[in-house]
*Asks:* 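Mind having a look at this structure? Questions to follow.
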Amino acid sequence: MLKVGLVGVGGISGAHIPAWEEMENAELVALCDIRPERMEKYSGKRCYTDFDEMLANEELDILDICLPTYLHADFAVRAMEKGINVITEKPISLKEEDVDRVYSTAEKNGVKFMVAQVLRFWPEYELLKEIYDSKRYGKLLSGTMIRLGGIPKWSWDGWMTDEKRSGLVPFDLHIHDLDFMVYAFGAPEVMYQFRSKRPDQDYISLCYNFGDFSINSEASWYATSYPFAAEFRFQFEDAVVTNEKGKMIIYRRDDTVIDLSQEATGDTGSINLPKSDAYANELIYFADCVENNKPVDKVKPEELSCVLKILNNL
Ligand SMILES: NC(=O)c1ccc[n+]([C@@H]2O[C@H](COP(=O)([O-])OP(=O)(O)OC[C@H]3O[C@@H](n4cnc5c(N)ncnc54)[C@H](O)[C@@H]3O)[C@@H](O)[C@H]2O)c1
């Protein structure tokens, strides 16, 4: 049984903790947060307000880092130097040089490391990649990816709206779509970019060139309570593949429409969209790599570096 500790019991930990609790080969034994009240609702865990104390008292196989972005790399290094395997929330860091620092620490200490880039484990996005790789609808011609919402007001100490600690919309929100593009389609060139950044809101619009096709992308923290939307629309030679308004729908050239949000009935063109929780999928994947000593090759350091290089040049 893998012993797991989690540090940073804030917003996103609410997706990680239940996933660890469901896992059969792992036990979440310890939590750490500087705000003790954040840990009160989780019974049966050893709780710490000091990270070094957690590291000193626990014999962890895995540390799950759900801290604010600017702390990810340092906390990962501290844990890996104690021989603990680490999975951290995205992004690995705001600084490209941290990719090397973190991965070389993992190598030196013989432990595994992964950044939880969740779209790589998200059924709709996995299926999009499979459609691209298999060319079942021909070549990709164009794409659109959006991630829009209102400015986050809930983060601890307002760190999310502090550019030095979060990197704002590019590093907090757009990174999901850019990371997926680099993973699925390779390194792009930025053809066009526009940003409207103010103290109370942030918006970017970009066009990436992949040679044979381009992808337009938008991300926002609007100053209003605009409803969150994470969507895509990809034009292939023989189909338009969409994930909009919570539904994945494929419009084929023969005018048939496959609605993958419905239970599979009739002809779906043997396309299967598993109903699964992407946050659980990424943690299960990492736990399996640790337990069975498999390489963590779903998220590669060169892809993370490529993303950080692009974001740091916007
Ligand atoms: N993958 C996703 O879809 C997704 C979604 C949201 C957030 N995230 C990422 O998760 C990370 C956390 O975001 P969040 O929304 O949960 O933030 P949050 O502010 O809600 O939570 C951060 C927590 O860390 C605690 N903390 C701060 N400093 C600490 C320290 N030194 N030691 C121990 N605890 C400390 C805070 O008390 C807080 O509870 C961010 O890096 C963000 O990019 C990812």
Side-chain angles (χ1 to χ4, degrees), residues 5-19 30-42 45-58 63-79 86-95 98 102 114-125 145 147-180 183 202 219 221 228-230 277-283 285-286 298-299 304 307-308 311:
L6 184 147
V7 60
V9 189
I12 198 60
S13 75
H16 288 224
I17 292 172
L31 297 172
C32 174
D33 198 294
I34 47 174
R35 297 182 294 172
E37 68 278 13
R38 292 292 312 174
M39 301 180 281
E40 275 166 13
K41 67 175 174 188
Y42 298 110
K45 315 278 172 243
R46 290 182 288 280
C47 295
Y48 299 87
T49 51
D50 182 284
F51 183 62
D52 288 322
E53 205 180 306
M54 176 163 98
L55 291 186
N57 287 358
E58 299 290 334
L63 175 73
D64 181 1
I65 300 179
C66 294
L67 290 165
T69 295
Y70 67 101
L71 298 173
H72 293 175
D74 283 351
F75 276 65
V77 165
R78 283 159 72 186
V86 170
I87 181 164
T88 179
E89 257 304 340
K90 45 59 67 173
I92 183 171
S93 171
L94 302 178
K95 294 181 280 183
D98 275 341
V102 167
M114 187 175 106
V115 182
Q117 292 291 167
V118 73
L119 292 195
R120 297 171 188 233
F121 299 86
W122 204 285
E124 285 81 352
Y125 291 81
M145 301 185 86
R147 205 157 285 270
L148 306 174
I151 194 155
K153 296 184 180 141
W154 61 85
S155 64
W156 163 77
D157 197 36
W159 73 268
M160 241 186 230
T161 49
D162 174 359
E163 183 158 22
K164 286 200 182 64
R165 291 190 285 175
S166 77
L168 305 179
V169 160
F171 290 85
D172 193 75
L173 212 53
H174 177 61
I175 194 168
H176 284 290
D177 291 319
L178 178 57
D179 175 77
F180 179 80
Y183 162 62
D202 190 13
W221 285 344
F228 181 73
D277 171 2
Y279 295 101
N281 296 345
E282 64 191 5
L283 300 177
Y285 170 82
F286 186 68
K298 183 109 175 176
V299 183
L304 303 174
V307 167
L308 291 185
L311 294 180

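We count ligands from 1, going down the list as the structure has it; atoms in each ligand are counted the same way.
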*Asks:* Once you round to the nearest 0.5 Å, how far does CD of Glu89 lie from CD1 of Ile12?
*Replies:* 5.0 Å

*Asks:* Kindly identify the option in Glu282, Arg165, Lys90 whose heavy atom sits closest to atom 9 (C) of ligand 1.
*Replies:* Lys90

*Asks:* Are any of the N/O atoms on Trp156, whether in the backbone or the side chain, positioned under 3.5 angstrom from an N/O atom of ligand 1?
*Replies:* yes

*Asks:* Got the closest protein heavy atom to atom 22 (C) of ligand 1, with its distance?
*Replies:* Pro68 CD, 3.7 Å

*Asks:* For Val86 and Phe286, work out which heavy atoms get closest and say how close.
*Replies:* O-CZ, 3.4 Å

*Asks:* Rounded to the nearest 0.5 Å, how far does CG of Leu63 lie from CD of Glu58?
*Replies:* 11.0 Å

*Asks:* Heavy atoms only, cut-off 4.0 Å: how does Val9 contact ligand 1, side chain, backbone, both, or neither?
*Replies:* backbone

*Asks:* Any nitrogen or oxygen of Arg38 lying under 3.5 Å from a nitrogen or oxygen in ligand 1? Just yes or no.
*Replies:* no

*Asks:* What about Ser13: any of its N or O atoms under 3.5 Å from an N or O on ligand 1?
*Replies:* no

*Asks:* Heavy-atom distances under 4.0 Å decide this one: backbone, side chain, both or neither, for Phe51 against ligand 1?
*Replies:* neither

*Asks:* Compare Asp33, Asp52, Val7 and give the one whose heavy atom is closest to atom 37 (O) of ligand 1.
*Replies:* Asp33

*Asks:* Could you give the distance from CZ (Arg120) to CE (Met114), rounded to the nearest 0.5 Å?
*Replies:* 9.0 Å

*Asks:* Please confirm whether His72 comes under 4.0 Å of ligand 1, counting heavy atoms of the residue only.
*Replies:* yes

*Asks:* Measure Thr49 to ligand 1 on non-hydrogen atoms and call it side chain, backbone, both or neither using the 4.0 Å cut-off.
*Replies:* neither

*Asks:* What are the two closest non-hydrogen atoms of Tyr48 and Met39, and how far apart are they?
*Replies:* O-CE, 3.2 Å

*Asks:* Looking at ligand 1, is there an atom of it that comes within less than 4.0 Å of some heavy atom belonging to Phe171?
*Replies:* no

*Asks:* Of all the heavy-atom pairs spanning Phe121 and Asn281, show the shortest one and how long it is.
*Replies:* O-ND2, 3.0 Å

*Asks:* Apply the test salt bridge (Lys or Arg N to Asp or Glu O under 4.0 Å) to residues Arg147 and Asp177: give CA-CA distance (whole Å), side-chain angles for both, the deciding distance (0.1 Å), then the verdict.
*Replies:* CA-CA 8 Å; Arg147 205 157 285 270; Asp177 291 319; 3.1 Å; yes

*Asks:* If you have a sec, work out which protein heavy atom is nearest atom 29 (C) of ligand 1 and how many Å separate them, to one decimal?
*Replies:* Leu67 CD2, 3.6 Å

*Asks:* Could Lys164 and Tyr70 be counted as a cation-pi pair, given that NZ or CZ must be under 6.0 Å from the ring centre and within 45° of the axis?
*Replies:* no

